[in-house]
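What follows is a set of notes on a single structure, which appears directly below.
Read the numbers this way: they start at 1 and go in the same order the structure lists the ligands and their atoms.
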Amino acid sequence: MPVTIKSKREIEIMREAGKILADVYEELIEQVKPGMSTYEIDQIGEKLIRKHGCIPECKGYEGYPAAFCVSVNDVVVHGIPRKDVIVQEGDIVSLDTVLSYKGYMADAARTIAIGEISKEAQQLLDVTKQCFFEGLKYAKAGNHLNDISTAIGQYAEKFGYGVVRDLVGHGIGKDMHEDPQIPNFPQKRRGIKLQPGMTLCIEPMINAGDWRVAFMDDEWTVVTDDGSLAAHYENTVLITDGEPEILTLK
Ligand code: MF3
Ligand code: CO
C-alpha cells in the first residue's frame, strides 16, 4: 500500500482529532488512582472519548473488546482491561488508544506512574518518552524512515534497555494502521523518504530488561519474556516543510 499524503483539509481534521485525544489523556490520567481496576480505567476513558463526539476505534478492532489497552508493569502493550486487575501504588500503567473524528484517526500512548514508583521504573518512563523525542528530531521532510528508527534504538540501548522488535509504529489516517511500518531499532534499509503531509505514529516500546516478548493465549496481551517492566510512549506526528507537528500533544 502506498503511504498517504494528507490534504490541507485532512490535516485540519487530524489536528482536531489529535487535540481531542490529548484532552482525553489529560482528563483520564488525572482520574487514575491506586485501587482502580483496569476495567474502570477503560470505562472512564471510553466515556471521555464519546463525550468529545469521537469513536473509540480499538473497540471491535479485530475483535479487541475495549476502548483502551491498559498494560500494567511487565505487560508491554495490548493489556485487555479486567475487573480483577487492580492498579496499585508503585505500578506503571501503559494506556493506549485510538479515536476517530470525522473519519480520521488519532493514536497515542502514555505510560503513567501510580503514586510513588521506584527510581528504576521512573527512569524507564523517562527514557521511553525521550526515545520518542529522539526519533522526532529526524521526522523531517527529506530524511528517511530509518533515521527515526535508528535514533530511537540507539538512545534506548545507551541505558541497556531492550527495544521491542515484534511491534512497530505505523502510518495513520482514515485507517488506524497505514504504511509505512516504523521500527524502533536500526534497519538495513534506509526506508521511504519522508514528505510533508505524511502522518506517522512513532511509538517506542521499551523493556527494562531483554527485548524479547511473549504473546499470551488471549491473543492480545504482550508481556516481557523475562518479566521486566515495559513502557510505551506514542504520538501521531505530521511531517511538514519544517519542524514536525505532534498532533496528540497540547
Ligand atoms: N496504538 C495501538 C496501535 O498502534 C492500538 C492498537 S489497540 C487495538 O496499533 F486494540 F486496536 F489493537
Ligand atoms: Co499505534
Side-chain angles (χ1 to χ4, degrees), residues 1 3-4 6 14 17-18 20-22 24-25 28-29 38-39 41-43 45-46 48-50 54-72 75-82 85 93-101 103-112 128-129 131-133 135-136 139 145 148-149 152 163-185 198-206 213 215-223 230-239 244 246-249:
M1 288 278 282
V3 177
T4 57
K6 276 70 179 184
M14 290 189 71
I20 294 169
L21 184 48
V24 165
Y25 270 124
L28 176 59
I29 289 166
T38 57
Y39 175 85
I41 294 169
D42 174 64
Q43 291 287 301
E46 179 174 349
L48 287 170
I49 290 173
R50 293 193 190 280
C54 295
I55 300 171
E57 290 287 342
C58 293
K59 206 167 186 178
Y61 178 83
E62 291 185 8
Y64 188 76
F68 279 73
C69 302
V70 187
S71 307
V72 182
V75 180
V76 184
V77 287
H78 301 167
I80 298 174
R82 292 170 60 114
V85 175
V93 179
S94 301
L95 305 171
D96 186 8
T97 194
V98 182
L99 61 73
S100 69
Y101 177 70
Y104 287 85
M105 309 269 172
D107 181 358
R110 307 278 181 261
T111 303
I112 63 171
T128 302
K129 185 172 180 181
C131 280
F132 166 85
F133 286 97
L136 189 74
L145 201 62
I148 298 175
S149 300
I152 294 171
V163 177
V164 174
R165 305 175 83 86
D166 300 75
L167 299 143
V168 296
H170 51 93
I172 187 167
K174 281 185 184 163
D175 292 314
M176 182 190 300
H177 297 129
E178 297 186 358
D179 280 341
Q181 294 199 1
I182 310 175
N184 294 305
F185 51 97
M198 288 180 177
T199 42
L200 307 175
C201 291
I202 301 174
E203 50 176 319
M205 287 158 269
I206 308 294
V213 297
F215 293 79
M216 306 303 278
D217 287 336
D218 62 16
E219 293 188 349
W220 285 102
T221 312
V222 181
V223 298
H232 185 197
Y233 186 84
E234 170 178 28
N235 283 303
T236 300
V237 171
L238 171 69
I239 305 298
I246 306 174
L247 300 183
T248 47
L249 257 189

Tabulating one pair per line, provide the atom names and distances (0.1 Å) for every N/O atom of ligand 1 that is less than 3.5 Å from a protein N/O atom.
residue	atom	partner	partner atom	Å
ligand 1	1 (N)	Asp96	OD1	2.7
ligand 1	1 (N)	Asp96	OD2	2.8
ligand 1	1 (N)	Asp107	OD1	2.8
ligand 1	1 (N)	Asp107	OD2	3.2
ligand 1	1 (N)	Glu234	OE1	3.2
ligand 1	4 (O)	Asp107	OD2	3.2
ligand 1	4 (O)	His170	NE2	3.0
ligand 1	4 (O)	His177	NE2	3.4
ligand 1	4 (O)	Glu203	OE2	3.1
ligand 1	9 (O)	His177	NE2	2.5

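- Within a 6.0 Å radius of CD in Gln43, more than 12 heavy atoms belonging to other residues, nucleotides or ligands are found.
- Checked by atom type and distance alone, the side chain of Asp179 never pairs as donor or acceptor with a backbone atom of Gly171 at under 3.5 Å.
- Within the 3.5 Å criterion, the main-chain N or O of Glu234 finds a donor-acceptor partner in the side chain of Arg110.
- Each protein N, O or S atom less than 2.8 Å from the Co ion (ligand 2) was counted, giving 4.
- In this structure a side-chain-to-backbone donor-acceptor pair under 3.5 Å is present from Tyr25 to Leu95.
- Rounded to the nearest 0.5 angstrom, Thr97 OG1 and Leu28 CG are separated by 9.0 Å.
- Here the side chains of Lys6 and Leu238 are not in contact, with every heavy-atom distance at 4.5 Å or above.
- Of the possible polar contacts, none joining the Asn235 side chain to the Val237 backbone as a donor-acceptor pair under 3.5 Å is found.
- In this structure, the side chain of Thr248 engages the main chain of Thr236 through a donor-acceptor pair within 3.5 Å.
- Using modelled atom types, no side-chain atom of Ser100 and backbone atom of Met105 make a donor-acceptor pair closer than 3.5 Å.
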